[in-house]
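Here's the structure we're looking at; comments come further down.
Each chain gets a letter, A, B and so on, in the order the sequences are listed, and its residues count up from 1. Quick note: numbers below take in every heavy atom, side chains included, and nothing from hydrogens, waters or symmetry partners.
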Amino acid sequence: MKTKFGIAKVMLMISSMLLLLVIVACSESEESSSSDSNSNGDVAKLTVWLWPGMGIEEQIEQYDEEHENVEVEIQLAEFADVHSNLTTSLAAGSGAPDISAVEVKGINKYIGNPQHFVNLFDLGAEEVADDYLDWKFKQAQTIDGEYLLGLPTDIGPQAMAYRTDVFEEAGLPTDREEVAELIQTWEDYIEVGKTIKEKTGKALIDDAGGLYTVVEGQGEKKYYDAEGNIIIESNEQIDYAYNLATEVIESGLESGFEQWSTEWGTGMTNGDFATLLAPAWMMGFMQENAPDASGKWDIAKLPGETSGNWGGSFLTIPEQSDHPEEAYELIKWLLSPEQQLVTFERNGNFPSTPEIYETDAIQNFKSEYFSGAPVGQIYAEAAKDVSEVLEGPDSITIEEVLKDAIIRVRDGQGSPEESWQQSIDELERTLGR
Amino acid sequence: MNEVGVKKFSIGRISTYVFLVTITILSLFPFYWMFVIGSNDTSAVNKFPPAFIPGTSFFENAQKVFDNIKFFNAIINSFIVSTCVTISVLFFCSLAGYAFAKIRFKGNKALFIFVIGTMMVPIQLGIIPSYMIISKFGWINDLKAVIVPWAVNAFGVFWMRQYIASAIPDELIDAGKIDGCTNFRIYWNIVLPSVRPAIATLGLITFMQVWNEFLWPLVVLKNEAVHTIQIALRTLNGAYYQDFAMILAGTFMATIPILIVFLVFSKQFIAGLTEGSVKT
Amino acid sequence: MSTNLQVEKKSKTIGIFRKPLTQEKKDRIAGYLYISPFFILFGVFGVFPIFFTAYVSLNKWDILGTKSFIGMKNYALLMGDPVFWKSIGNTFSIWFLSTLPQLFLALVLAFILNQAFIKGKDFFRLSVFIPNITSVVAVAIIFGAIFGENYGILNYLLSFIGIDPVNWTGTLLGTHAAISIMVMWRWMGYNSIIYLAALQSIPKDLYEAATIDGANKIQQFFKITIPMIRPMIIFTVIVSTIGGMQIFSEPLIFSGAGGGSFNQGLTITLYLYEEAFVRNNFGYASAVAWVLFIIIVIFSLVNLFITKRINSTE
């Protein structure tokens with residue numbers, strides 16, 4: 001009896017296998033027919049790769065409805081997956097979409113091989129250049145300025161979030177104007193940190209690596225000069241940023257939370273660190289992850305002479321696209337000041353087009369979470385103040401390796417000097433491959 | 001432990017149970033915790049001391065999952081892929097395992113070593129060339145792209161070969177041959193029924209692995225209509241922050257089908273023992 | 001049913017058209033036929049990537065640009081790369097800390113779950129297998145919460161016995177211990193399910209006879225169980241060796257793609273991944289892949305040798 005039952009099962013398996021073969025055969029023919037429809041008629045079929053949270057899907061659908069000549073299909077994938085999929089299909093030479101979102105770090109990677117993308121200058125992007133913040137627009141250009149890989153979407157201008165309760169406990173002013181007055185330079189910042197440490201025992205900042213990134217970005221140059229040479233060791237700003245970060249660690253002003261860890265969120269709620277260098281998009285993160293701290297945070301201008309930027313993206317048109325003109329029309333419309341305002345109002349992504357900063361939507365944008373701070377105004381000011389930095393194909397690797405030097409100091413794996421040298425040695429090895 | 005004997009309530013038995021229960025608690029806790037967060041809001045992840053009690057927002061979070069992704073569509077895709085792969089792996093691997101274990105042919109041993117050798121090749125860099133192959137076949141955004149390459153694997157062949165080699169005495173095969181059975185008959189009527197625990201185990205492992213796999217599917221399945229559940233779940237990750245409560249509620253629901261499959265296969269695990277189809 | 005008949009028919013027609021085949025020939029045909037699906041599939045999907053990687057390893061290639069042939073230079077660089085050597089050390093260290101105890105515990109667990117007196121076997125089997133199906137996202141969050149320095153559960157518990165907070169992610173030992181615990185947690189149940197299946201192949205009367213002879217459970221475990229499931233032990237040792245040498249998810253979860261600031265959690269596969277997809281040194285990464293392959297082959301042979309020796313001394 002039992003064996004019969006077993007055989008019946010195996011029979012089921014075999015017949016399913018046959019079924020599988022049939023399915024394979026069937027979908028084979030399906031495939032060829034669908035590729036036919038792709039090329040017929042005047043309708044350009046555009047595939048768009050985005051990740052969730054970009055807030056532009058609805059507008060793309062609206063464009064699709066309003067335009068007879070295009071048919072748009074949005075394909076969502078996770079942030080990192082969009083980038084790795086794009087790299088894979090560019091390398092393999094097929095499968096890339098007509099439009100793909102690329103984050104600024106991704107742009108840095110692709111910029112060494114711009115031939116994989118349509119040069120938007122060829123499609124007339126020069127005309128719209130003035131709509132965008134200068135520094136942002138230049139992020140997607142090759143160092144010689146000849147080639148434009150993408151049009152800007154949102155940006156991540158930075159400000160300093162601070163805990164009013166901790167500042168009060170330390171006997172410091174809590175009003176955002178006064179705080180900005182008190183902390184104008186990074187030296188002031190460290191002084192305040194020492195006061196806080198002394199009076200309350202709390203840390204000044206969550207993570208010194210983040211401080212390093214912000215400060216090095218405030219210089220006129222970063223890792224590359226205008227000819228594309230790597231200038232890490234001759235750039236004083238990097239030296240300054242590194243010393244500042246290691247000083248924070250050695251004076252015990254850092255809380256030792258790793259960003260994005262769960263305990264980071266706990267510390268954010270409990271006020272274990274008095275300040276957090278927060279780009280505009282961090283506001284949403286804080287509200288979701290530390291809702292109990294609502295009203296305890298406030299926001300002021302970033303210390304230092306200029307502001308900073310963290311993140312933000314672009315829409316690009318891969319060279320493989322069959323319809324670059326149609327694709328360009330879509331992104332030009334979608335990323336125009338008017339449409340960026342729509343995206344901001346719907347989803348809060350901070351726009352890269354300065355002319356709408358004066359609109360009521362941004363000017364009146366206040367946040368209860370940040371004690372009623374006019375965050376729209378603060379971030380708009382910060383956005384105009386970002387210094388223009390040239391990035392090159394190895395920027396990400398360099399930043400990672402240099403930040404490792406700081407983490408090593410924190411973990412007691414060497415003095416700041418030793419740790420720095422170790423990173424320089426590693427860079428020499430890795431960039432030569 | 002060294003007193004595990006025959007007595008009913010010996011210290012050995014009690015300590016065995018203590019050992020089992022400890023392992024069970026450690027094993028289940030993260031799974032349970034997934035539900036705890038999935039039924040709270042995202043900030044519960046960051047609570048200290050940690051949240052241990054389920055909240056009341058599970059259905060709310062589940063609703064958010066359904067709003068964001070085509071959950072059931074993705075479940076069906078995963079089910080198609082996992083079932084097809086599992087069936088073909090069970091069939092082809094057991095057949096090959098039987099051939100390697102019990103059929104004498106030239107190069108048997110060398111080919112078997114080759115099969116094991118293929119498992120040792122690191123596959124991480126294969127993504128780009130594999131993508132080229134699939135794209136040549138026109139299988140991008142087609143479930144075939146994840147079913148066909150996985151239809152038989154070295155792990156399964158190796159496993160079935162080892163199991164058949166140790167569970168089935170050669171005399172049994174020889175007896176079958178003397179009775180005039182073809183090789184396929186022997187496989188069919190003698191080998192398969194005797195290795196049901198191995199089949200069940202391989203089936204479960206294969207189903208589970210295919211169900212949870214995402215590295216390869218996410219490269220070839222980009223169209224939402226063909227997303228498997230793991231790919232769909234990944235699109236719940238926002239660009240700037242992640243709603244962990246929603247993600248874990250979705251993940252929790254996506255795990256339930258594997259639990260059902262486990263219970264289905266589970267009956268087969270012990271089957272071989274009581275049946276005694278291998279008579280010695 | 002129809003399929004079954006067809007198969008029978010097929011074998012008959014072969015018999016009619018050709019002269020009766022000898023058993024040897026039949027065996028040969030069946031043997032090659034039965035193993036062919038694997039080789040066909042491997043030929044279609046497996047061979048090209050291997051040659052591709054081999055070719056790329058002789059080039060300098062950033063994935064998107066043009067390849068430039070540099071011969072064995074990547075391999076030469078690799079030999080002098082301290083980070084690569086460190087990643088080899090880490091991989092072996094984590095393998096020893098996780099795989100050996102894990103396989104032994106899994107076997108013991110399977111042996112226990114196979115005992116007649118255990119009640120609720122279905123439940124326990126399911127429970128120990130659950131870590132393997134718990135999503136990686138959940139695992140990442142929960143292990144992050146356990147091993148945090150400031151608010152980690154483990155440090156919180158250690159504080160009760162007077163131990164100062166341990167910086168798990170920032171020290172070599174802490175990282176290896178934490179990754180190994182994660183590996184054991186995720187894979188022990190999986191391996192015990194495999195062993196459990198293996199135990200089913202042992203005829204029950206062997207144990208009965210041993211019990212009558214007065215052997216206790218421990219003796220039965222070492223004298224009957226282990227020798228009887230030798231092929232399956234070899235299987236798990238080989239598979240765990242390969243899996244352990246290619247360990248990726250757990251260190252990635254715990255230390256990130258870079259393997260930590262001083263590469264404390266960087267395993268070979270993680271290094272390969274980082275070089276290929278983070279730093280875009282695809283040629284170099286391909287060289288890492290080939291050296292890793294050689295390491296796995298050698299280490300598997302060593303383990304096979306040791307496993308066989310242990311078994312034969314029983």
Any idea how [X] and [Y] line up, ring-wise: parallel (<30°), tilted (30 to 60°), or perpendicular (>60°)?
X         : Y         : result
Phe100(B) : Phe105(B) : tilted
Trp139(B) : Phe45(C)  : tilted
Phe52(C)  : Phe282(C) : perpendicular
Phe91(B)  : Phe184(B) : perpendicular
Tyr17(B)  : Phe117(C) : perpendicular

Relative to chain C, which segment of [X] carries a heavy atom at a distance below 4.5 Å: side chain, backbone, both, or neither?
X         : answer
Phe19(B)  : side chain
Phe155(B) : both
Ile133(B) : side chain
Gln209(B) : side chain
Leu233(B) : neither
Leu202(B) : neither
Ile25(B)  : neither

Largest heavy-atom contact set with chain B, pairs under 4.5 Å, which of [options]:
options                                    : value
Gly148(C), Ala276(C), Ala138(C), Ala145(C) : Ala138(C)
Val136(C), Thr53(C), Leu109(C)             : Leu109(C)
Trp290(C), Phe277(C), Tyr151(C)            : Tyr151(C)
Gly189(C), Ser36(C), Pro131(C)             : Pro131(C)
Lys25(C), Met232(C), Arg186(C), Glu24(C)   : Met232(C)
Thr236(C), Asp27(C), Ile296(C)             : Asp27(C)

Winner by heavy-atom pair count (cut-off under 4.5 Å) against chain C, out of [options]:
options                                   : answer
Thr118(B), Val157(B), Asn212(B)           : Thr118(B)
Leu248(B), Val45(B), Ile247(B), Val115(B) : Val115(B)
Leu95(B), Ile103(B), Leu111(B)            : Leu95(B)
Trp159(B), Trp211(B), Trp33(B)            : Trp159(B)
Ser166(B), Ala254(B), Gly126(B)           : Ser166(B)
Ile258(B), Thr251(B), Val121(B)           : Val121(B)

Residue [X] versus chain B: region with a heavy atom under 4.5 Å:
X         : answer
Lys119(C) : both
Ser135(C) : both
Phe39(C)  : side chain
Phe42(C)  : side chain
Leu126(C) : both
Ser300(C) : side chain
Ser286(C) : both
Ile242(C) : side chain

Take a 6.0 Å sphere around [atom1] of [X] and say whether it holds more than 12 heavy atoms from other residues, nucleotides or ligands.
X         : atom1 : value
Tyr273(C) : OH    : no
Gln219(C) : CD    : yes
Ile123(B) : CD1   : no
Phe52(B)  : CZ    : yes

Contact summary for [X] and [Y], nearest pair of heavy atoms:
X         : Y         : result
Thr269(C) : Met245(C) : OG1-O, 3.6 Å
Cys93(B)  : Met160(B) : O-CB, 3.6 Å
Val36(B)  : Ala51(B)  : CG1-O, 3.8 Å
Leu196(C) : Gln200(C) : O-NE2, 3.1 Å

query: If we only count heavy atoms from C-beta on, is the Leu204(B) to Phe129(C) side-chain gap below 4.5 Å?
result: yes

field: Arg125(C)/Asp122(C) salt bridge by N-O under 4.0 Å criterion
entry: yes

